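All remarks here apply to the structure that follows.
Everything numeric in this text was worked out from a predicted model, so none of it was measured. By convention here, the first residue in the shown sequence is residue 1. Below, all heavy atoms of this structure are taken into account, side chains as well, without hydrogens, waters or symmetry copies.
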Amino acid sequence: MTTFASGTDTLTRDALTVLQPGFTGTTAPDWLLRRLGEGLASVGVFGRNIISAEQLSALTAQLRAERDDVLVAVDEEGGDVTRLEVRTGSSFPGNHALGAVDDPELTRQVALELGRRLAACGVNFSWAPVADVNSNSANPVIGVRSFGADQDLVARHTAAYVTGLQAAGVAACTKHFPGHGDTAVDSHLALPRIDASAELLHARELAPFRAAIAAGTRAVMSAHILVPALDRTRPGTLSHRVLTELLRGELGYDGLIVTDGIEMRAIAGTYGIEHGTVLALAAGADAICVGGGLSDDETVRRLRDALVAAVRSGELPEERLAEAAQRVRALAHWTSAAPAVQPDPALTDIGLVAARRALRVTRVDPYVPPVEPPFVASLASETNIAVGTETPWGVSAELNRLLPGTESGSFAGEDAGHAVIVAAGERRVVAVVRDEHRHPWMTRALDTLLAARPDTIVVEMGVPQAPPRGAVHIATHGAARVCGAAAAEFIAGVSA
């Protein structure tokens, strides 16, 4: 594609301003710094860009040396989806654990402390919270990222999370509008479809977004989902009916609208990223998230030039692009003016406190903790792309700290139950599962294991839909590091 301008004219600067690209490496590449000078206003950081809080602070300082009001965004939900602690697991439980506790003040405190830690590293925009109502138990991509299946519960915790996060000076980005909870398809891989009626959508899916707007959420992220009751032909991200008529008009939202990753297959596989970007802006989006998969200067140039060409051809009104760019700059101004929040000693361990409160234990009394180091068997399935594969999960590391000598293994497939029995030998088994209800092979593995070893302790770290069983059944409502720590404390008989 021909490059239309040098990067200094208003149209080209606006086209760069609405992009939120990612990059590779743990320092900012030259091309990214150059684009910031040309008008780029936002940068997304992912797990691949983060080694430690100190390194992230140096990276964001490098970006701000080029543009002091740059929006630095991160996909930091806490819980299973963490970038700040991608290599260790999160110090904060995710939404499902907070919903299980159902204490909105606790949710606000968790979001405040998480936001404070992000802000301390120079991050001022988090693509969180998830406001999806997880009404479909087969949902492969939301699950424990949701506060729950009840819209009123999700609404009050979404509002509390937005309030806490933004009190730390970090802009909240409530997602995925108009609601990704009632899907059985992952939009990273294909285009999901929700066939609920308009009445049900307004009562269920939209309730948490209304609460987020009332709480002052600074951004809303669109979903790559087709909702025929709202728009028969265009997915939410590309729908004027969804973004402009519904979100702006009916719900009265006037903040930033950012797309989910434009390179996700739901958009890239049907419209292509250039055309998808133009359609999203025309529909009412203000910022294009790109960089989870595509993270290079060529991608930025392609999208910039596609927007410039669309304006020049009349496909995209220039005033629509200018309006979008101005919303990005307004959010950057808000974050720049936000005061720093000092650490609160009372919130230092709030994540572990919340994880402990989220535990739900079903047991056969009296419970006798293992006297010898147990064998931890993780019945592992593939994680979705949002969670990723880099972040450790489970209870083995924490149990080994409390019961040195604990051994562990990962098992999958139809022979998993027998394989665990052989590997465990005489040791007591702790079987760790994630969303057993979605994986029939896990159920069969537990059946085999419990028939031979009825004293097995079962730890469910996903959505606890399957019936509790085993000598002890522990539902953690998430797989964050602190959820594993809380479960390990109970298993080992350690008082909190």
Side-chain angles (χ1 to χ4, degrees), residues 17-22 40-46 69-78 81 83 95 111-112 114-115 118-119 122-132 145 155 157-180 206 208-224 236-237 239 242-244 246-248 251-262 264 277 280-281 283-292 320 323-338 386:
T17 297
V18 302
L19 302 180
Q20 290 189 346
L40 188 69
S42 309
V43 175
V45 293
F46 297 84
D69 67 343
V70 64
L71 288 170
V72 181
V74 69
D75 198 9
E76 180 57 62
E77 300 172 10
V81 179
R83 310 305 180 219
N95 287 0
L112 175 62
L114 177 54
L118 289 172
V123 174
N124 54 13
F125 188 3
S126 185
W127 293 313
V130 171
D132 303 317
R145 300 167 65 199
H157 286 277
T158 297
Y161 196 106
V162 167
T163 300
L165 190 64
Q166 294 188 165
V170 176
C173 183
T174 305
K175 62 188 185 185
H176 307 80
F177 188 83
H180 207 311
L206 299 188
F209 291 97
R210 292 192 193 95
I213 293 167
T217 187
R218 293 285 166 174
V220 170
M221 178 177 281
S222 67
H224 304 330
T237 292
S239 170
V242 170
L243 299 187
T244 299
L246 177 57
L247 181 53
R248 294 251 186 252
L251 301 189
Y253 176 66
D254 194 40
L256 187 80
I257 298 176
V258 58
T259 71
D260 207 344
I262 204 72
M264 292 164 61
T277 291
L281 264 290
D286 304 303
I288 305 295
C289 175
V290 63
R320 171 77 271 275
E323 176 190 48
Q326 182 52 40
R327 280 207 181 92
V328 174
R329 295 183 190 112
L331 182 58
H333 176 75
W334 179 86
T335 58
S336 296

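- The structure places CZ of R327 at 8.0 Å from CG of L256, a figure rounded to the nearest 0.5 Å.
- Using a 4.5 Å cut-off on side-chain heavy atoms (C-beta onward), V258 and S222 make no contact.
- Taking every heavy atom of both residues into account, A128 and L165 meet most closely at O-CD2, 3.9 Å.
- Of the possible donor and acceptor atoms, none in the side chain of H157 sits under 3.5 Å from a partner among the backbone N and O of P208.
- Side-chain atoms of T237 come within 3.5 Å of backbone N or O of A223 as a donor-acceptor pair.
- Judged by distance alone, with hydrogens and angles left aside, the side-chain atoms of T217 form a donor-acceptor pair with the main-chain N or O of A219 at under 3.5 Å.
- Annotation: side chain of L114 is in contact with side chain of E76 (closest heavy-atom distance under 4.5 Å).
- Rounded to the nearest 0.5 Å, atoms OG1 (T335) and CG (L71) are 5.0 Å apart.
- Residues L246 and L206 are in side-chain contact: their nearest non-hydrogen atoms beyond the backbone lie under 4.5 Å apart.
- Considering all non-hydrogen atoms of both residues, T244 and G284 come closest at OG1-CA, 3.6 Å.
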I would like to know whether K175 and E77 meet side-chain contact (heavy atoms from CB on, under 4.5 Å); could you show each step before the answer?
-> CA-CA 11 Å; K175 62 188 185 185; E77 300 172 10; 2.8 Å; yes

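- Salt bridge D69/R329: absent, no basic N to carboxylate O contact under 4.0 Å.
- Between the SG atom in C289 and the CG atom in L19 there is a gap of 10.5 Å [rounded to 0.5 Å].
- Checked by atom type and distance alone, the side chain of N95 pairs as donor or acceptor with a backbone atom of V130 at under 3.5 Å.
- The backbone N or O of V70 lies less than 3.5 Å from a partner atom in the side chain of N124, making a donor-acceptor pair.
- Panel note: side chain R145, backbone A131; no donor-acceptor pair is recorded below 3.5 Å.
- Summarising the geometry of A168 relative to G115, their closest heavy-atom pair is CB-C, 3.5 Å, with the distance given to 0.1 Å.
- Distance CD1/I288 to CG/D260: 11.0 Å, rounded to 0.5 Å.
- In this structure, the side chains of Q326 and T17 stay at 4.5 Å or more apart for every pair of heavy atoms.
- V220 and C173 make their closest contact through C-SG, 3.9 Å (heavy atoms, listed as atom of the first residue, atom of the second, distance).
- Two residues are said to be in side-chain contact when any heavy atoms from C-beta on lie closer than 4.5 Å; P21 and L40 meet this criterion.
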Checking side-chain contact (heavy atoms from CB on, under 4.5 Å) for the pair L247/I213: CA distance, chi angles, key distance, verdict?
-> CA-CA 10 Å; L247 181 53; I213 293 167; 4.0 Å; yes

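- Remark: S42 OG to L331 CG distance equals 7.5 Å, nearest 0.5 Å.
- Between F46 and W127, the two ring planes are tilted [angle within 30° to 60°].
- Judged by distance alone, the side chain of E323 and the main-chain N or O of A325 form no donor-acceptor pair under 3.5 Å.
- Between the Q20 side chain and the A73 main chain, no donor and acceptor come within less than 3.5 Å of each other.
- In terms of modelled atom types and a separation under 3.5 Å, the side chain of D286 and the main chain of V328 share no donor-acceptor contact.
- In this structure, F177 and I257 have side chains that are not in contact, with every pair of non-hydrogen atoms separated by 4.5 Å or more.
- Between the side chain of R83 and the main chain of V45, no donor-acceptor pair closer than 3.5 Å is present.
- Here the closest non-hydrogen pair linking V170 and F125 is CG1-N, 3.8 Å.
- Across all their heavy atoms, D132 and G179 have their closest contact at OD1-CA, 3.5 Å.
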